[in-house]
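As the structure lists them, so they are numbered: ligands from 1, and atoms in each ligand from 1. Below, all heavy atoms of this structure are taken into account, side chains as well, without hydrogens, waters or symmetry copies.
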Amino acid sequence: MKTYDIAMIGGDGIGPEVIESSWPIFQTAAKNHGVALKSQSFEWSCDYYIKTGRMMPEDGIEILRPFDAILLGAVGWPAKVPDSVSLHGLLLPIRKAFDLYVNARPHRLLPGISGPLRKNDFDILCIRENTEGEYSGAGGRVHIGSPDEVAVETSIFTRNGVERILRYAFEQARKRSKRLASVTKSNAQKHSMVFWDDVTRSLAPEYPDVQVTSYHIDAIAARFITHPETLDVVVASNLFGDILTDIGAAIQGGLGFAASANVNPRGRVPSMFEPVHGSAPDIAGKGLANPLATIWSGALMLEQLGQADAARSIMAAMETVIKTGKLTPDCGGTATTNEVAQAIAEAVENQPVKWS
Ligand code: NAI
Ligand code: MG
């Protein structure tokens, strides 16, 4: 039986809770479709940092490299370790070392969930550039603490980086509604964002079947609220994509639903799947965390591993359980993290077995 090796990094706060409760769902879905998942857990987190002075071992990337995929909960516990240290010590190095340049995030309402909007007919796929741009980490501070202090943070946009994320987005649009929204702020940022628009324009003739529209970030942020149904595939830089996908999460019912895939479509490296939300220190350890974002991320993982039927079985099981009203408090229910995850595991188990 084909076995996929999955590295599990629960991380901090609710991260380990949502990963551990969801894992049996992925195993069951895989087994029902004739493959197996094997996991190895890594305790890399802010507690690990306090013990060792590092968020992950020096050879952490090499440890992860042989795996087929990485499942990550959440990283960060600001009361123990500054976010700038934890993020740059674990999550960002994985994205950069494996060149996981696509961060794909689906935003739609699962049947039975009503978001804050009156509309529920939207289905957006955000493609966020994941390795450069505003999060390149280029910059510095001088004269720290003095009135003359200067802080510089330089965005880096390369032709290779911009072109490959746009190509991925064009290809996704081609598979969906053939509409692509490209997000910039080229009226105010006259170098990097004009460059992005130029690259978009230069690629468009290669995808004549895709209708591409450029939006400024502020205008599309409003459009996510007022006319989300007019959007389909949305491609944006690292920072703009980060912000837009929180709006996407909000309109799909909250952070408890927002899933993501960090993918290198060209490489033989493990892709990483994680809920969009953070470690939620305010609810950690109480069984209040909504596991649906993580479960959806696991479905994205199986899909990326080539197990689309197993992925679909998870999405169907989520819908079955949502219809019963078994939900965590963030979406109006009274169930715990484990109760929701267990119900979904049972729904997957009870589906007719499909050998693909
Ligand atoms: P957060 O996403 O952890 O929490 C924001 C709010 O949403 C909180 O009220 C929380 O209780 C709620 N929430 C989040 N996920 C939920 C879930 N699954 N179910 C129910 N409610 C949920 O964002 P925050 O508070 O800004 O960050 C906390 C820590 O997480 C920080 O250290 C931050 O840097 C880190 N973080 C890590 C991310 C990652 O690992 N990808 C992403 C975002 C934040
Ligand atoms: Mg974010």
Does either side chain, that of [X] or that of [Y], offer a donor lying less than 3.5 Å from an acceptor on the other one?
| X | Y | value |
| --- | --- | --- |
| T337 | E339 | no |
| Q307 | Y4 | yes |
| T230 | R223 | yes |
| Q189 | T184 | no |

Which of the ligand 1 atoms, numbered from 1, are nearer than 4.0 Å to a heavy atom of [X]:
| X | result |
| --- | --- |
| L255 | 2 (O), 5 (C), 7 (O) |
| E274 | 41 (N) |
| I14 | 15 (N), 16 (C), 17 (C), 18 (N) |
| L91 | 39 (C), 40 (O), 41 (N) |
| G76 | 32 (O) |
| W77 | 32 (O) |

Margin query: Parallel, tilted or perpendicular: which one describes the rings of F170 and Y207, with boundaries at 30° and 60°?
Written below: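 Ring orientation, 0 to 90° scale: parallel.
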Judged on heavy-atom distance to [atom], which of [options] sits nearest?
| atom | options | answer |
| --- | --- | --- |
| atom 22 (C) of ligand 1 | D330, L288, I283 | I283 |
| atom 34 (O) of ligand 1 | D83, D246, V276 | D83 |
| atom 11 (O) of ligand 1 | D12, D282, N290 | D282 |
| atom 28 (C) of ligand 1 | A258, P281, G11 | P281 |

Notebook entry, point to check: Mind checking whether R128 and D242 have side chains closer than 4.5 Å, heavy atoms only?
Noted result: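 Side chain of R128 against side chain of D242, heavy atoms only: contact under 4.5 Å found.
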Margin query: If we set the cut-off at 4.0 Å for heavy atoms, which region of P291 has an atom near ligand 1: side chain, backbone, both, or neither?
Written below: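 It is neither part, as no heavy atom is under 4.0 Å.
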Check: Above 12 or not: heavy atoms from other molecules or residues under 6.0 Å from OH of Y49?
Finding: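 Incorrect, the count does not exceed 12.
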Return a yes/no value for [X]: is any of its N or O atoms, backbone included, closer than 3.5 angstrom to an N or O of ligand 1?
| X | answer |
| --- | --- |
| G278 | yes |
| A74 | no |
| V75 | yes |

Margin query: Distance to the ring centre below 6.0 angstrom and angle to the axis at most 45 degrees; does that hold for K96 and F98?
Written below: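 Not satisfied by the 6.0 Å and 45° rule.
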Check: Is it true that the NZ or CZ of R164 lies under 6.0 Å from the centre of Y101's six-membered ring and within 45 degrees of the ring axis?
Finding: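 So R164 does make the cation-pi contact.
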Next item on the list: For A293 and ligand 1, answer yes if some heavy atom of the residue is under 4.0 Å from a ligand atom, otherwise no.
Entry: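 Flag not set, A293 not near ligand 1.
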